[in-house]
Structures are given as structure tokens and as C-alpha cells.
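Within every chain, numbering begins at 1; the chains are lettered A, B, ... in the order of the sequence lines, protein sequences first and strands thereafter. Keep in mind that the numbers below use all heavy atoms, side chains included, and drop hydrogens, waters and symmetry copies. Quick caveat: nothing in here was measured; it's all calculated off a predicted structure.
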Amino acid sequence: MQYKSLIGMEIHVQLLTRTKLFCGCEVQFGTEPNTRVCPVCVGLPGSLPAINLHAVELAIRAGLALQCTIAGFTKWDRKSYYYPDLPKNYQISQYDLPIASQGILEYELHGERRPVRIRRAHLEEDAGKNLHDSPGMTQVDLNRTGTPLLEIVTEPDLHSAEEAFAFANELHRLLVYLGVTEGVMKKAQMRFEPNVNVIITHEGVEYATPICEVKNLNSFKALRSAVDFELQRQLAEWQRDHDYTLASCGKENRGWDDDRQETVYQRGKEEAHDYRYFPDPDLIPIVVDDAWQECVRKALPEMPLARRNRFMQDYGLGLKEATLLIEDRPTADLLDAAVKAGGPGNILAKHFISFWQQHANSRECTIAQLGVTAPRLAELANLQQLGRISSSAAATLSEALFSSDQSPAEIARQRGLEQVQDRGAIERLVDDALADNPQAVELIRLRDKKWEKSLGFLQGQVMQKSKGSASPILVREILMQKLDLNQG
Amino acid sequence: MSEQIAATQVEHIARLARLALTHEELTRYGEELGHILAYIEQLNEVNTEGVEPLAHPLAVHNVWRVDEPQPSLDAQQALQNSPATDGRYFLVPKVLEHYDAS
Ligand SMILES: [Zn+2]
């Protein structure tokens, strides 16, 4: 049996605003219920919504980063809604004129770039929360009601749980990078709804299984598990009954049961809501002209994948290390700033992924939050570059930077961390090492195939004799000279 | 022009609105809703060829609110019109699960 999996995705992203989409209530997670509400978000008669400019700007920013076309003219529509966590009885959304459409996002899997087409992205308000803890009644908390969301819809360009997982991660990274969302998964600031079905070719006939939308997944892991489960389930279902098809069963909504690790039927097409969209007469349209678009476009930062590749190329980082470094934008910005301040990129990058990261870990913060300025980072790296301190001395020095305002060079001098640059002293150590290791010397003279290894060994011996204080650059230079090796 | 809405259609709408209608009611509402639609459909007699759909009756756009928090109601004020509360939440008859806002 041949088959192809088709997965499209709907993603709800909570925009990083201080206030709600249509009122001045603060967006705040975990506060006492019904204390971030006003006549607008409670839906009291006579109240009027007013558009949050920042939410619109964030939507344009996200749209541009997703290479979408931004609508020159867009408006608001009411979508019928029947539950008490949105008491107006409708959700304000954008129906036929989404603010952004027809974009693309590339993600990476197994070192290969794969594109996913973005169908549309539109603004809408979130619902509140219905709690079902007390018997007989439902408790309603409207603090979240009216929180600005961007709903992003992709084309079905994903073909496995692994791809869905990688794509979701890339989208999350991008939107956090752009400052479009805080992206805290635990606070449900990004929710995934994959649409899954399978196209099966059997005895020359093509069958499409029903498109199942798994609602409200708020972790990457749940997304991957749910897609995986759906694909297996649909295949098995179709094998049992060849009439389990889109044509005869239509679309289906399913939920994810995390405890049982399976999807659960919610409703089918015959129960589909009739949303009865119509333009919201309380809200006026939005016009985004070219000048506004250009202004937002110019302020876009370098995209995460592009930055990662530049870090690998310019700073000599491996894939894993570069990926780690770009994850936090202020930290990546700091590295760039330190290079701009005159620091050597490759040494700075090594410092970042070794001791600066360790300092950050032990203080439970990011490297940027350590508070060490770019010029000081650059100076420390320069001392090492010039051979005035060893890499291990740089690590020791880095700790001292937290407790002293003196320059790294000054601290190195005071603490005796500078390397021995005294040529005579090092020459004596080299002579000793050569005398102690005639075998290695002989291998080098004979240009044995392992002669370079022997040279490294001798250099190590000298460093050991100096207890790590000799300048490795100088040691190598003197060694090469004494062994009549051409430099270079 | 539709004078009457099919009983199956009324049934569907009733189901969406969670209303249980009798057979007589289905017929009666079918008629009444049909009259309402016929009334509205008079609008179709107007020739709208080449007319841009209207998004808003006023010729204004881009009126904003800046993203600065304003005082909210306190819970007591927010809940005061609610027929039932427990002092912290609005209380409503049990909501059926499996719905979504999206
Ligand atoms: Zn409000």
C-alpha cells in the first residue's frame, strides 16, 4: 500500500502586547479571576471596541517575516460563538480580508531546507476560560477574553510528525525572535492545530481519509505525538473500512488526550458550526500603505536561520553551538556587538559557548543578562588572541570581571594570569623537553607520518613544564625553530 | 424568493442553537423565517453591479488606541450584574465540552 501524509497547520499565537486587542485591560497571566475585565471585554451593552495599534504592527511584522503579502485594506468580522467565555456571542476576527496572506516559511530538517506555504495570517481576539471544577455549574473567568491573537494557517505542505515538529519549532523561534510573541508554551501562548489526512493509493485507486483537525495542542511534544497517532489511526481505520474517506465522512475535529496519548473524536461535519460571519459595524477598517510596510520591514532583524549560518561561517561555530547561541536574541546581539567592538569573532564565540554559558547557567539567566558589556567581552578575547593570556586564564579572568570594574588586562596583570612571554625562559623549557624526549624528536626529523602528532606532544610537554603559563604561540614558534621546521 | 425554509434546515439551525423544537414548531418557524428572509431579499432588487462592498458606513480608517493599560473593573463590579457568581467567577449552567474558539 502506497500512501502520502498531508499535514496543514493552524497556529494561534498570543501577541506580545501590554493590553487586549480592543480594550485597555492588561494582558496578564495567572491573576485573580475577573480582575482584568472592563465593559468592552465583558461584552456589556453600549461598550465600543478600540483597536490596539501595537497588535496590528506585530501582525504586520510577523506577516512580513513570513514573506506574506500585507493587505492594503483590511477589516474586522464577527464570527458567531456560543460559549460564555466570549460573552458578546461573537468573536471579532478577520474573515475574507486577512491582514497577511500567501507567504512562506522555511524550516530545516536533516540539514535540508524545506518550505511551507503560509495561506494566511489574521488577527482575532482570544476567548476567556470556562472551568468545570464545580458540580452542576461552569465557572467563567474573562481575564483572557479579548487577548490579541494572530492565527496563522499553512498549506498542507508537511508530510510527517517529524516535519510538523521541526516546522513548529522554527515558527516559534522566528516569532519569539521578532518580539511578536513571548512564546511561553506553558501559558498557551502558542497553540497548534494540525489538519491531518492520508492519501492512499490502492489497486490503482486513490483514497483520501477524512481531514482530522486536532484541536489546541500546546506543546511541541504533544503536536508530534498527536500527528503521529493520527496518521497511524487513519491508516488503520481505512484498512478496516475502505469507506473511511473524506468523501463519505467529511472533516472531523478531534482532541488530544495526553494521559492516554491518543486523539479523541469531538465532532463531525454534520455538527459543524455555522459561523455566520459579517463585518463588524463597531470597528473601522485598517489601511496599510507602502510607507508603513516599508517602515516595519526596515526594522526587521536578521532571521534566525540566516543568523545561525552567518555565525557558523564567520565565527567558526558548529551547527549545534550556533543554534544554541542564536536561540536567545539579546545574547546573539551581544556577540555581534562584541565583534563590532573589535573582538575576534572565533575566540569570542568559543568564550560564549564555554565559560560565559556556564556563568549564565549557574546564575539561571542568559549570557546577555550577565551584564558584561560588549567592549569588556571583546577585550578579554583580544588578550587571548594576542597570546597574552591562555584560554584557561581567560576562563579564570571571566569570573573576576563580575566583581571588578578594572579592565581585563589590568586584572590579568594583578592576578598573575599573563602568559610568560620571556623568550629565554621558554627556550630553556623547550631545550629540556627536547632532551627528555629524543624519540619524538627523531620521529620529527625523519618526517614520520605521525610527526605532527609528535610536535603536538612536545608542545604539550613544554606547556606542562611551564604549568600552563607559557604562551602557546611562542612555544610553538621556538619549537619549530629548534627543530628546523619551516613556519607556516 | 424563498417563502418557506425546509424543515430540515430549521432543524439544523435549532440544533446549532441547542433548541429542541416540536414538529409543529419546525413548520411554523420555517414559515416565519421564510417571511423574514423574503423581506430582506428585497435588497437583491437593487443593482449593485460595479459597487465596492462596504466594510463600514463611515469613510474613516486607522483610528487607534495606544497599547497602554487602563484601569479594569474590580471583580465585584465585574460580577455585579451576573445572575449567579461565587464571588470570583461568573457562574453559568454547565457548558458542554468539546468546543473551540477558533
Ligand atoms: Zn477589557
Open item on the list: If we define contacts as heavy-atom pairs under 4.5 Å, which of B/P53, B/A55, B/A78 has the most with chain A?
Closed with: B/A55

Open item on the list: Heavy-atom pairs under 4.5 Å with chain A - which of B/D67, B/L73, B/L58, B/L54 has more of them than the others?
Closed with: B/D67

Open item on the list: Cation-pi check for A/Y275 against A/K79: NZ or CZ below 6.0 Å from the six-membered ring centre and within 45 degrees of the axis, yes or no?
Closed with: yes

TODO: Name the member of B/Q70, B/R65, B/H61, B/H56 that forms the most heavy-atom pairs with chain A at distances under 4.5 Å.
DONE: B/R65

Task: Top of A/G136, A/C41, A/P279 for chain B proximity - count of heavy-atom pairs under 4.5 angstrom - done: A/G136

Open item on the list: Determine whether the aromatic ring centres of residues A/F278 and A/W76 are separated by less than 6.0 angstrom.
Closed with: no

Open item on the list: Quick check: do A/I11 and A/L171 have side-chain heavy atoms less than 4.5 Å from each other?
Closed with: yes

Open item on the list: Heavy-atom pairs under 4.5 Å with chain B - which of A/V37, A/V288, A/T35 has more of them than the others?
Closed with: A/V37

Open item on the list: Under 4.0 Å between a side-chain nitrogen and a carboxylate oxygen: does that hold for A/R267 and A/E252?
Closed with: no

Open item on the list: Taking side chain as everything from C-beta outward and backbone as N, CA, C, O, which of these in B/I13 sits under 4.5 Å from a heavy atom of chain A? Side chain, backbone, both or neither.
Closed with: neither

- [ ] Could you tell me whether A/R254 sits above the aromatic face of A/Y265, with NZ or CZ closer than 6.0 angstrom to the six-membered ring centre and within 45 degrees of the axis?
- [x] no

TODO: Against chain B, label A/F73 side chain, backbone, both or neither, depending on which of its atoms sit under 4.5 Å from a heavy atom there.
DONE: side chain

Open item on the list: I'd like to know whether A/K20 forms a salt bridge (charged side-chain N to carboxylate O under 4.0 Å, His left out) with A/D126, so could you lay out the CA-CA distance, the side-chain angles of the two residues, the decisive distance to 0.1 Å, and finally the verdict.
Closed with: CA-CA 9 Å; A/K20 296 184 178 181; A/D126 204 351; over 6 Å; no

